[in-house]
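Just so it is clear, the values below take in all heavy atoms, side chains as well, and ignore hydrogens, waters and symmetry mates.
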Amino acid sequence: MRVLVTAATAPYLYHLAPLAWALRTAGHEVRAAVPDGVVEAARGSGLAAVGTGGGQDIGPLVRAAREWPAELVVWDQHSVGGGIAARVAGAAHVRVLSGAHQAPGTAGTARLADLAGAHGVACTDDLVFGELTVDPLVDGVGGDRGARRVAVRPVPYDGPAAVPAFLQKKARRPRVLVTGRALADIGELDAEVVAVVDSARLPAGTRMPRHVRLLEPMPVHGLLSFCSAVVHDGDPLIQAAAAVRGVPQQTTGERVDRLLDDPAVRAEAERVRAELAERPSPGGLVPRLEGLVR
């Protein structure tokens, strides 16, 4: 089976990469068709990739699907042209969620209808929801996930990563991972804080407290196994990675010390981990995707 995967940005691609790996492991030929700026992220994720330009024109994506031709198209929910490309190629297609579903609205629906019509395709609801929606998100993420939804176990991945050597040493205090704007909420937390922050965005003259270790932006899925908790700004990739590992988490604006001190918080994290473990893995979903093509 020839499988084309597409996503508008690297973070969105990372959401569907584990499913692409599972399809390739099952013996299918997998290719990514992504904007030129995402090609390196796709190749770095182990996927053969072709560029589709850098603008709003979905023509290159449609051609990539038609000329191969693809038999299955796997598209991120933000990829407007994924369903259209599949329909033009006569392929089955599935949507992968990477955040809360946002209804296209009147203007968005009109644009989708125009794009579909330009390629000789009728604008039906599968262009919004896919023939099937693959949902690797944790429960509680809002939005309409579609009636044809299948939940899948998240596989933590937000890009190729190397684990800093200091993390492999046993921490003397609880270790808390902090990302982005969440650093402002840490204060005098009694913990070893590992902050993944763009130092160029910190105010001039900012000095980190002694208990804070600053790392420049990097994939965090490899860091979580060494941390007791994580504070982030709502990134769905980090949310899923922490949840599937049972790492207590919260977003900015909340009390941080309760992550370490409240047994109920850790019990809830373990409950969510066990719940996600019951979901099928991406590999377990492959037969169902194969059934869409037969």
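- Side-chain heavy atoms closer than 4.5 Å link hydrophobic residues (I, L, V, M, F, W, Y) into clusters, and following such links, possibly through other members, connects Val193 to Leu259.
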(request) Go through the steps to decide whether His28 and Glu71 satisfy the test side-chain hydrogen bond (donor to acceptor under 3.5 Å, both in side chains), and finish with yes or no. (result) CA-CA 10 Å; His28 301 297; Glu71 297 171 277; over 6 Å; no
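- Side-chain heavy atoms closer than 4.5 Å link hydrophobic residues (I, L, V, M, F, W, Y) into clusters, and following such links, even through other members, never connects Val220 to Val197.
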(message) As a quick check of understanding, evaluate side chain to side chain contact (heavy atoms under 4.5 Å, CB included) for Trp75 and Val96, giving each step before the final call.
(response) CA-CA 6 Å; Trp75 50 280; Val96 178; over 6 Å; no
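- Under the 4.5 Å side-chain criterion, counting only non-hydrogen atoms from C-beta, Ser45 is in contact with Tyr14.
- Across all their heavy atoms, Gly59 and Asp57 have their closest contact at N-OD1, 2.8 Å.
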(request) List the steps, then state whether side-chain hydrogen bond (donor to acceptor under 3.5 Å, both in side chains) holds for Arg87 with Thr124. (result) CA-CA 11 Å; Arg87 292 269 292 278; Thr124 51; 3.0 Å; yes
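- Interatomic distance, Leu72 CG to Leu289 CG, rounded to the nearest 0.5 Å: 6.0 Å.
- Under a hydrophobic-cluster definition in which Ile, Leu, Val, Met, Phe, Trp and Tyr are linked whenever side-chain heavy atoms come within less than 4.5 Å, directly or via other members, Trp68 and Leu23 are assigned to different clusters.
- Here the straight-line distance linking atom CD of Gln249 with atom CG of Leu177 works out to 11.0 Å at 0.5 Å rounding.
- Side-chain atoms of Arg266 and Ser228 include no donor-acceptor pair closer than 3.5 Å.
- Although no hydrogens or angles enter the test, the distance criterion places no donor-acceptor pair under 3.5 Å between the side chain of Asp158 and the main chain of Leu237.
- Ring pair Tyr157/His221 is tilted by interplanar angle, where 30° to 60° counts as tilted.
- When atom types are taken as modelled, the side chain of His232 and the backbone of Gly234 share a donor-acceptor pair closer than 3.5 angstrom.
- The CZ atom of Arg153 sits 10.0 Å away from atom CZ of Arg273, with the distance rounded to the nearest 0.5 Å.
- Residues passing the side chain to side chain contact (heavy atoms under 4.5 Å, CB included) test with Ala86 are Val73, Ala91, His93, sequence neighbours excluded.
- Of all heavy-atom pairs between Leu127 and Ala122, the closest is CD1-O, 3.7 Å.
- Checked by atom type and distance alone, the side chain of Thr109 pairs as donor or acceptor with a backbone atom of Gly105 at under 3.5 Å.
- The two residues Val74 and Leu16 have their closest heavy-atom pair at O-CD2, 4.2 Å.
- Annotation for Pro219 and Ala161: closest pair CB-CB, 3.7 Å, computed over non-hydrogen atoms.
- In this structure the side chain of Pro60 never reaches within 4.5 angstrom of the side chain of Val50, judged on heavy atoms.
- Considering only heavy atoms from C-beta on, Arg173 comes within 4.5 Å of Asp190 through its side chain.
- Residues Cys227 and Val230 have side chains not in contact (no heavy-atom distance under 4.5 Å, counting atoms from C-beta outward).
- Here the closest non-hydrogen pair linking Ala229 and Leu260 is CB-CD2, 4.1 Å.
- A heavy-atom distance below 4.5 Å is found between the side chains of His15 and Pro236.
- The shortest side-chain heavy-atom distance between Glu29 and Val3 does not fall under the 4.5 Å cut-off.
- A salt bridge links Arg201 to Asp198: at least one charged side-chain nitrogen sits closer than 4.0 Å to a carboxylate oxygen.
- Leu4 is listed as a side-chain neighbour of Leu61, based on a closest heavy-atom distance under 4.5 Å.
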(request) Output, in order, the C-alpha distance, side-chain angles, deciding distance and verdict of side chain to side chain contact (heavy atoms under 4.5 Å, CB included) for Arg175 and Leu167. (result) CA-CA 9 Å; Arg175 184 177 282 148; Leu167 283 179; 3.5 Å; yes
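- With salt bridges taken as basic N to acidic carboxylate O contacts below 4.0 Å, none links Asp126 and Arg148.
- At least one side-chain heavy atom of Pro156 sits under 4.5 Å from a side-chain heavy atom of Val244.
- Remark: the backbone N or O of Pro104 is not paired with any side-chain donor or acceptor of Arg111 at under 3.5 angstrom.
- In terms of modelled atom types and a separation under 3.5 Å, the side chain of Arg31 and the main chain of Leu47 share no donor-acceptor contact.
- Residue Leu214 is not grouped with residue Met218 when hydrophobic side chains (ILVMFWY) are merged at heavy-atom distances under 4.5 angstrom, including chains of intermediate members.
- Arg279 contributes a side-chain N or O that, together with a main-chain N or O of Val152, makes up a donor-acceptor pair within less than 3.5 Å.
- Taking NE2 from His119 and CZ from Arg63, the interatomic distance works out to 8.5 Å, rounded to the nearest 0.5 Å.
- Arg95 places no side-chain N or O within 3.5 Å of a backbone atom of Asp76 that could act as its donor or acceptor partner.
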(request) Let me see the working for Thr251 and Val231 under side chain to side chain contact (heavy atoms under 4.5 Å, CB included), right down to the final yes or no. (result) CA-CA 6 Å; Thr251 55; Val231 184; over 6 Å; no
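- In this structure, the separation between CG on Asp233 and CD on Gln239 is 11.5 Å, given to the nearest 0.5 Å.
- No donor-acceptor distance shorter than 3.5 angstrom exists from the side chain of Glu192 to the backbone of Val176, with no hydrogens or angles considered.
- No continuous path of ILVMFWY side-chain contacts below 4.5 Å connects Val39 to Tyr12, so the two sit in separate hydrophobic clusters.
- Put simply, CG on Leu115 and CD on Gln56 are 9.0 Å apart, with the number rounded to the nearest 0.5 Å.
- For Glu216, the CD atom is densely surrounded, since the number of other residues' heavy atoms within 6.0 Å is greater than 12.
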(message) Evaluate Asp235 against Thr179 for side chain to side chain contact (heavy atoms under 4.5 Å, CB included), listing each step before the verdict.
(response) CA-CA 9 Å; Asp235 185 329; Thr179 68; over 6 Å; no
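- At least one donor-acceptor pair under 3.5 Å links the side chain of Thr6 to the backbone N or O of Ala33.
- Between Ala92 and Val293, the shortest heavy-atom distance links the atoms CB-CG2, 4.2 Å.
- Formation of a donor-acceptor pair under 3.5 Å by the Gln77 side chain with backbone atoms of Ser98 is found in this model.
- Within a 6.0 Å radius of CZ in Arg66, other residues, nucleotides and ligands contribute more than 12 heavy atoms.
- In the displayed structure, Gln168 atom CD is contacted under 6.0 Å by more than 12 heavy atoms of other residues, nucleotides or ligands.
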